[in-house]
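Below, read A as the first sequence line, B as the second, and so on, with proteins coming before strands; counting in each chain starts at 1. Since we're looking at a predicted model, the values are computed, not measured.
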Protein chains: 2
Amino acid sequence: MNGWSVNLCRMARTQGSHSDITGPRIRDAALRLFARHGYAAVSMRQIAAEVGVQAGALYNYIPDKQSLLFELMQGHLAQLLEAFAELPRPEGALARLRAFTGFHIRFHLARPDAVFIAYMELRNLSPENFAAIEASRQRYEGLLESILTDGIAEGVLAPPDPKLATRAVIAMLNGVNTWYREGGRLTLDEVEAIYWDMVRKALGG
Amino acid sequence: MNGWSVNLCRMARTQGSHSDITGPRIRDAALRLFARHGYAAVSMRQIAAEVGVQAGALYNYIPDKQSLLFELMQGHLAQLLEAFAELPRPEGALARLRAFTGFHIRFHLARPDAVFIAYMELRNLSPENFAAIEASRQRYEGLLESILTDGIAEGVLAPPDPKLATRAVIAMLNGVNTWYREGGRLTLDEVEAIYWDMVRKALGG
DNA sequence: CTTTTATATGAACGGATGGTCAGTTAATCT
DNA sequence: AGATTAACTGACCATCCGTTCATATAAAAG
């Protein structure tokens, strides 16, 4: 039940409802519900109810459930790549690695639902959709890997294996999302510093 | 369709089928299907078909779908803790950390489906079941944490924060499961050596 | 051979599913 | 004011869901 529509009587177009509002609200609701219960476990009717609308109305905004999932994941990865691209690029691989570490932690912590979905619902994507998502993921991984190879060339990093180190760092940083809660033992700055310390040491900086 | 039952005519008890055989086969099929498609997306009829039996027959072996999931996760974690307990306990925290690293990688790589389920289907557990699983997971985490605190006491390890280091190491090692394939670029021994190198350096050993 | 028991079938239960669509209304345009 | 369009409803479709149960049969026990 949203603040605009107080439909006590039957009506088709609810007062003040617009495409610009309902569309994003559908994505928001789906994101939250998919993250909480899983794509397969969430029905279109649940999403519709969250938005305050009947199930049929969803299909004015999305072709089907699968596309909804894909767009959420695609949008998340696009934001991730864009946000990183807009980051200032420090001089020196070590500084860039530090920037990557901090960026990754903060960006992902700010979007726990999207991150969760992007990692857990890969198997619910159609093959073509999966390929598109996987390509974005690998592009992001490539960004870190080239920082590491730069660092090797500069002589400031000496990871045992750049490809594995890339995956290891990303897995390690992703882990933060599973336990960090605001107001916990450590501030975000402290967490960032601790992980940067471990990353730097692990890669022999 | 299994090798024992070639039911061309209607029959109730299929030739040679026994509780000892069907029970584990149900768990095997459920494990594989849950890992591949997700708990919510797999129907009891799909599991039954995989076993070569009708859906109703499953309920001779499990009370319901939820219990099936719980037993799979519970069994996996019990095996994990038991296997680690049976491991020889080397002298010195550094040696124990190395043993833990190798054990974790190998144990998890040998059971990708169970690992996947144990991490991805937590949200499909009832609250009581979730609490039980979470307790086991934390017990395992505690094993690594005490290795780290031992290492600090011995002066051979200096992680920036033992609790975070514990989580970071486990997340990092878990990552191996997402990409390692037998016959790939690296042997298991090489992977183990590379990760051990990164873990040791990250924790300041 | 007869009885018992374990194991399976297959139909049925109420309800939920993703998706479609004709009809209805509110806002907008002319 | 009248026509058009965007937004939504509510009924509906075929299908699937987890689970139950009366029934049937094969194996084991006596």
If the condition is salt bridge (charged side-chain N to carboxylate O under 4.0 Å, His left out), which residues does A:R139 pass it with, not counting sequence neighbours? none

Using salt bridge (charged side-chain N to carboxylate O under 4.0 Å, His left out) as the criterion, list what pairs up with A:R106, not counting sequence neighbours. A:D189, A:E192

Taking only the side-chain heavy atoms of [X] (C-beta and beyond), determine which of [options] contains the nearest atom.
{"X": "A:Q54", "options": "D:dC8, D:dT19, D:dT9", "answer": "D:dT9"}
{"X": "A:Y59", "options": "D:dT19, C:dG19, D:dT9", "answer": "C:dG19"}
{"X": "B:A57", "options": "D:dA7, C:dA8, C:dG19", "answer": "C:dA8"}

At under 4.0 Å, does any side-chain N or O of A:T22 touch on OP1 or OP2 of D:dC8?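 Yes, such a contact exists.
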
Give a yes-or-no answer on whether the side chains of B:Q46 and B:E50 include a donor-acceptor pair shorter than 3.5 Å. no

Checking B:I26 against B:V53 for the side chain to side chain contact (heavy atoms under 4.5 Å, CB included) test, could you report, in this order, the C-alpha distance in whole Å, the side-chain angles of both residues, the deciding distance, and whether it holds? CA-CA 10 Å; B:I26 289 172; B:V53 113; 5.9 Å; no

Between [atom2] on [N] and [atom1] on [X], what's the gap in Å once rounded to a whole number?
{"X": "B:I21", "N": "D:dA27", "atom1": "CD1", "atom2": "P", "result": "13 Å"}
{"X": "B:Q66", "N": "D:dG18", "atom1": "CD", "atom2": "P", "result": "13 Å"}
{"X": "A:L58", "N": "C:dG18", "atom1": "CG", "atom2": "P", "result": "10 Å"}
{"X": "B:D64", "N": "D:dT20", "atom1": "CG", "atom2": "P", "result": "8 Å"}
{"X": "B:I62", "N": "C:dT7", "atom1": "CD1", "atom2": "P", "result": "15 Å"}
{"X": "A:Y61", "N": "D:dC8", "atom1": "OH", "atom2": "C1'", "result": "8 Å"}

Give every donor-acceptor pair under 3.5 Å between a side-chain atom in residues 80-105 of chain A and any protein atom, sequence neighbours left out.
| residue | atom | partner | partner atom | Å |
| --- | --- | --- | --- | --- |
| A:R96 | NH1 | A:P90 | O | 3.2 |
| A:R96 | NH2 | A:D150 | OD2 | 2.8 |
| A:T101 | OG1 | A:L97 | O | 2.9 |
| A:H104 | ND1 | A:Y140 | OH | 2.7 |
| A:H104 | NE2 | A:N174 | OD1 | 2.8 |

Close N or O pairs between protein and nucleotides 11-17 of chain C (under 3.5 Å):
| residue | atom | partner | partner atom | Å |
| --- | --- | --- | --- | --- |
| C:dA12 | N6 | B:R45 | NH2 | 3.2 |
| C:dT17 | OP1 | A:S43 | OG | 3.2 |

Any residue in residues 120-132 of chain A with a heavy atom nearer than 4.0 angstrom to DNA chain C? Just list them by number, or reply none.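 The answer is none.
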
Non-neighbouring partners of B:Y195 that pass ring-ring contact (aromatic ring centres under 6.0 Å, His included), sequence neighbours left out: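 For B:Y195 there are no ring-ring contact (aromatic ring centres under 6.0 Å, His included) partners, ignoring immediate neighbours.
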
Pairs touching residues 20-41 of chain A that satisfy ring-ring contact (aromatic ring centres under 6.0 Å, His included), sequence neighbours left out: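 Listed once each, the pairs are A:F34-A:Y39.
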
Contact list for residues 111-135 of chain A, test ring-ring contact (aromatic ring centres under 6.0 Å, His included), sequence neighbours left out: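 As it turns out, there is no ring-ring contact (aromatic ring centres under 6.0 Å, His included) pair with a partner in residues 111-135 of chain A once direct neighbours are skipped.
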
Under 3.5 Å donor-acceptor pairs involving side-chain atoms of residues 72-79 of chain A, not counting sequence neighbours:
| residue | atom | partner | partner atom | Å |
| --- | --- | --- | --- | --- |
| A:Q79 | OE1 | A:R111 | NE | 3.2 |

Any donor-acceptor pair under 3.5 Å joining the side chain of B:N60 to the base of C:dA8?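 Counting by modelled atom types and ignoring angles, a donor-acceptor contact under 3.5 Å is found here.
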
